[in-house]
Amino acid sequence: MINLVKNEMLKIVRKKRILVVAGIIAVLVALFTYSQFREIERRLERFGDVDWRTTLQQQIIDTQNRITSSGISDEWKSELQLRIQQQQYYLDNDVNPMEPGAPTFVRTFAEHSINLFLPLMVMVVAADMVSSERSAGTVKLLLTRPVKRWRVLMSKYITLILSVSVIVVLFGLLSYLISGLIFGYQGWTAPVITGFNVEGNELNTNTVQMIPQWQYLLMEFSLVWFVALIVGTITFMLSVLIRNTPAGMGVMLAALISGAILSSMVSSWESAKYLFMINLNLTGYLSGQAPPIEGMTLGFSLLVLTIWGIAALIVSFAVFIRQDIY
Amino acid sequence: MRKYSVQMTLIFSVLSFLLMMFGLGWTIQNQFFSNGAAEVIEKAKPEKEASKKDGKVVVALGDSLTRGTGDDSGKGYIGYLVDELEEKSKEKITLHNFGVKGYRSNQLLNQVKQSEIQRQIKNADYILITIGGNDLFQSGQAFVDMDEKKITQARESYLKNLQAVLVELRSLNDHAAIFHIGLYNPFIDLNDSEQTTKIVRDWNYETNKLLDQQKQAIYVPTFDLFQLSVNDYLYTDKFHPNAEGYRLIAERVASLITW
Amino acid sequence: MSDITLSVKGLRKTIGKKEIIKGLDFDLKRGEVFGFLGPNGAGKTTTIRMLVGLIKPSSGSIEIGGYNVRKNFTKAMSQMGCIVENPELYSYLTGWENLEHFARMLPEVDRAYMEYVVDLVRLNERIHDQVKTYSLGMRQRLGIAQALLGKPKVLILDEPTNGLDPMGIREMRNFIRYLAEEEGLTVLVSSHLLSEIQLMCDRVAIISKGAVIKVDYVENLLAMQERVIWQVEPRETAKDILSEVTSVVEGPDGALITPYIENAASSWNRLLVEKGVEVKEMNRKLPALEDLFLELTGGESID
C-alpha cells in the first residue's frame with residue numbers, strides 16, 4: 001500500500017498541484033496582509049495612536065448604531081447583537097480580540113477561509129484524482145496490474161488525506177510567515193476567549209474559557225482540516241462518478257457557493273441544516289458566531305459532515321470497484 | 001531536488017496529518033468533555049497606561065444628535081465643534097463619540113457604567129451630552145396625544161436617569177466640564193405648536209435646573225436656534241437637524257468652551 | 001504444466017438488451033502469436049477489455065495462466081501484461097518514472113530487470129525525458145516495456161501498430177515475433193489490418209459482430225482457399241472438360257479458375273493434354289487473407 005501511495009504522491013507532486021495551491025495561498029495572504037495593514041494605517045490616521053480598547057469600544061458603538069437603522073433584517077440584527085455582546089465581553093475581561101501579530105492574522109484568515117477558500121484549494125487536488133486517469137486513459141494500465149481495485153482507490157484516498165493535511169498546514173505556515181513580515185511574529189500566548197454559547201439571541205458566557213492563542217489556533221486548524229477533508233472526500237466521489245473533471249469541479253463549486261449564500265439566508269428552512277455545505281463553518285462555533293440555523297452545534301455539524309464523508313466514501317468505492325472501464 | 005521532492009512531500013504530509021489528527025482529537029476533548037471554567041488561564045493584566053495628554057479629550061455621549069443623524073457629511077454637531085475648536089486652539093483634539101441612535105436616558109445610564117466608557121470619561125476634558133429627545137418625542141402615544149400625565153411621568157424618570165448619569169460622571173471625573181445640549185421643538189411649525197412648545201420648554205427648564213445643581217455642568221439651549229425658521233435647519237425627516245442646524249449647535253457650544 | 005496460457009470459454013457481454021459479445025471460445029498456447037482480426041465495432045476491444053479485467057463479462061470464464069480473472073484477479077493479472085488501445089502513460093512523468101510507477105504495483109521488480117526491459121525496447125537514450133516529448137512509436141515501445149515489467153506469460157496488445165510508420169510497424173512485428181519465439185511468450189494481437197495479421201501471427205481468430213467465425217492457423221486458412229489458374233487454348237473445350245471433374249469459374253484475361261486439390265490438379269492437367277488442349281500456364285495461387293475475410297464475413301467492410 002505504501003508503494004501505491006508513493007505512486008499517487010508522485011503524480012500530485014509532478015502535476016505541481018501542491019505548488020500551485022501554495023502559490024495561490026501566498027498571493028492571497030499577501031493581499032489580505034496588505035489590506036489589513038492599510039486598514040490599520042487608516043485607523044491610525046483617523047483616531048491617532050489609540051489603544052485597542054478605544055477601538056473596540058468604538059466598534060461596539062458603531063454596531064449599536066447600525067442595529068437601529070431601519071431596513072435591517074432581523075437575522076442580521078440578532079447577529080450584530082451577538083457581536084456586541086461578545087465584544088463587550090472581551091472588553092469587560094480586558095482581552096484584546098485582535099492582539100496584533102501574525103498569529104492573530106492567521107486566526108482570522110483561517111476563520112474566513114474555512115467555508116470557501118480552503119475547500120476550493122482542496123478541490124484543485126481532489127477534483128481530478130480519479131477522473132484525470134479516466135480521461136487520459138491511464139486508468140486502463142492502473143487497473144490491469146495485479147492489484148485489487150479497492151486498493152488502488154484506497155491509495156488514492158490516503159494520498160488525498162495527506163495532501164489535504166499538507167495544504168492546511170501550508171496554509172497556516174504561509175500565512176504566518178508572510179503576515180509576520182508586517183505584523184510581527186509575536187502573539188502566540190495572547191489570551192483568546194472561546195466557548196461562547198449562543199442561545200437564541202443571547203450570548204451565554206457560562207462555558208467561556210480563556211486559552212492561549214496557540215491552543216486556539218491548533219483547535220481552529222484541526223477543524224479547518226476536518227472541513228477540508230470532508231470537502232475533499234465529496235469531491236473525490238464526484239471525481240469517481242463524473243468522468244469529466246471540469247463538470248465535477250462545477251458541481252462541487254456550485255455546492256460550495258450555494259452553501260456560502262444559503263448560510264446567510266436559510267434560518268427559516270430548518271432541514272437545510274442537514275446539507276453538508278451549511279455545516280462548513282466549524283470555526284464559527286469556536287469564536288461564538290451565531291449558527292446559520294438555530295440549534296446547530298459543533299457536535300451536530302461534525303456529525304453531519306462525518307456522515308456525508310462516509311457516505312461519499314462508500315459510494316466512491318462501490319462505484320469504482322464495479323465500474324466497467326470503456 | 002526533483003528526486004527527493006516526492007519523499008519530502010510524503011514525510012511532510014504525514015507529519016501534517018498527525019498534527020491535525022492530534023489537534024482534532026484535542027479539540028473534541030476540549031469542546032465536549034471538559035468544563036471550560038477549569039481551564040481559565042492566568043492572564044497578566046497589562047498596565048493600563050496613563051493616556052498621554054497631548055491635546056484635549058472630548059467625550060460625546062447621547063443619542064442620534066451626537067451621532068450626527070441628518071447631516072449628510074455624517075459629522076453632526078460634534079464633528080463641526082471639534083473642527084472649530086481645533087482651529088481656534090491649534091491644539092490636537094481627541095474625540096470619543098459614544099452616541100447611539102435612539103438612545104434614551106436609561107440606556108445612557110447603562111452605558112456610562114461600562115468599564116471602557118468609564119475609562120474614557122476619566123480622561124476627558126469635556127463631556128458633551130445630548131439626551132432626552134427620545135424620552136420625550138419617541139415615547140409613543142404620549143406625545144401625540146399630548147397626554148399631560150404620561151409626559152410628566154416620562155420627564156420624571158428622565159430627570160432621575162440624567163441625575164444618576166451626572167453623578168456617575170462627576171464621580172469618575174471631577175474636572176471635566178459637562179455640556180448638556182437642550183432640546184429644540186421640531187414641531188414648532190405644525191398645529192398645536194403652542195402646546196408642543198410648552199412641553200419642550202418645561203422639559204428644558206427642568207433639565208436646566210438639574211444641571212445647575214452640578215458643578216461645571218452647563219446647559220446649552222438650542223430652542224431659540226430653531227425657533228424662527230425651523231424648516232431651514234431640519235433634515236428631510238423633519239426631526240433631526242441638517243448640516244446647517246448642526247453647525248448652529250456647534251457654534252453655540254464652541255463659544256462656551258474656553259481654555 | 002499445460003501449454004494453454006489463456007483460455008476463454010463461453011464469453012458473453014450484454015449491455016442493456018444488446019448482446020455485444022455472443023459467446024467466444026478460444027485457447028492460446030505458449031510461444032504463439034495469436035491474431036484477433038475483425039472490422040471496427042466487431043467487439044475486439046470489448047473482448048480484450050474483458051480479458052484484462054477492465055470490463056466484467058456477463059457470463060463465461062477467462063483464465064490466464066490457469067487463474068480465473070474474476071475469482072483470482074491479482075494472480076491472473078500477474079501472469080499478463082497489456083496495452084489496451086493507445087499506450088496511455090503519464091505524460092507529465094518521465095519514461096523511467098512511469099516504469100517505476102508500474103513496477104511499484106508489481107510484487108518485485110529489480111532495477112536491473114527494468115534496465116534490461118528499457119534496453120529491449122531500445123529507449124535507453126530517452127528514458128529520462130518526459131513522456132509528452134515522446135513520439136508515438138516511442139510511447140508504443142514504452143508501453144510494451146511497461147507490459148513486460150511483470151515478466152508475464154501472456155502479452156495482450158490491442159492494435160500495437162496503430163499510428164506507426166512503416167519502419168516502426170516492421171520493427172514492432174519483428175519484436176513481437178522475437179518475444180514469442182525467443183522468450184516463449186504468448187502474444188495476443190488485435191488488429192483490423194489483415195496484412196499485418198498475416199505477416200505476424202501463427203494463428204488467427206476472425207471475429208465479426210461479436211462472434212468468432214473461425215479460428216485456425218494462418219497457413220490452413222490460406223490453404224483452404226488455394227486455387228489454380230489455367231491459361232488454356234481453346235478455352236471453351238477446356239472448360240467443358242474441367243467442369244466434369246471440378247467447379248470452374250471464368251477469370252479475367254480469359255483464364256479459368258478451379259480450386260486447388262492436391263494430387264487431383266496434375267491429373268486434370270493430364271486430362272486436358274490428352275484431349276488436345278494446350279495448357280500454356282498453370283498457376284497455384286495463395287489468396288490474400290483479404291479475400292478469405294470477405295468471403296467469411298459475407299462482404300463486411302474492412303479497412
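In what follows, every chain begins at residue 1, and chains take the letters A, B, ... in the order their sequences are listed. Below, all heavy atoms of this structure are taken into account, side chains as well, without hydrogens, waters or symmetry copies.
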task: Taking atom types as modelled, find out whether A:Arg145 and C:Gln146 have a side-chain donor-acceptor pair closer than 3.5 angstrom.
output: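 There is such a pair between these side chains.
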- request: With a 4.5 angstrom heavy-atom cut-off, could you sort out which part of C:Leu51 is near chain A: side chain, backbone, both or neither?
  value: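 For C:Leu51, neither part sits under 4.5 Å from chain A.
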Engaged part of C:Gln79 at the chain A interface, taking heavy atoms whose separation is under 4.5 Å: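 Contact with chain A: none, neither part.
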Check this for me: does any side-chain nitrogen of one of [X] and [Y] sit under 4.0 Å from a carboxylate oxygen of the other?
X	Y	answer
C:Glu171	C:Arg122	yes
A:Asp324	C:Arg49	no
A:Glu133	A:Lys11	yes
A:Asp128	A:Lys15	yes

- request: Could you check which of A:Leu143, A:Ile2, A:Leu4, A:Leu142 has the highest count of heavy-atom pairs closer than 4.5 Å to chain C?
  value: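 Most heavy-atom pairs within the cutoff with chain C belong to A:Leu142.
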field: Max heavy-atom pair count under 4.5 Å with chain C, selected residue of A:Asn7, A:Leu10, A:Asn3
entry: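 It is A:Asn7.
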- prompt: Which bit of A:Arg322 comes within less than 4.5 Å of chain C, counting heavy atoms only: side chain, backbone, both or neither?
  reply: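 Interface part for A:Arg322: both.
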query: Can you check whether C:Glu88 reaches A:Val139 side chain to side chain, under 4.5 Å on heavy atoms?
result: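 No. Closest side-chain heavy atoms not under 4.5 Å.
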message: Looking only at the aromatic ring of each residue, does the gap between the centers of A:Phe317 and A:Tyr157 stay below 6.0 angstrom?
response: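 No, the ring centres sit 6.0 Å or more apart.
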task: Would you please indicate if the ring centroids of A:Phe320 and A:Phe236 are separated by under 6.0 Å?
output: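 No, ring centres 6.0 Å or more apart.
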- prompt: Considering heavy atoms only, which positions within residues 306-313 of chain A lie below 4.5 Å of chain C?
  reply: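 Counting heavy atoms that sit under 4.5 Å from chain C, no residue of residues 306-313 of chain A is involved.
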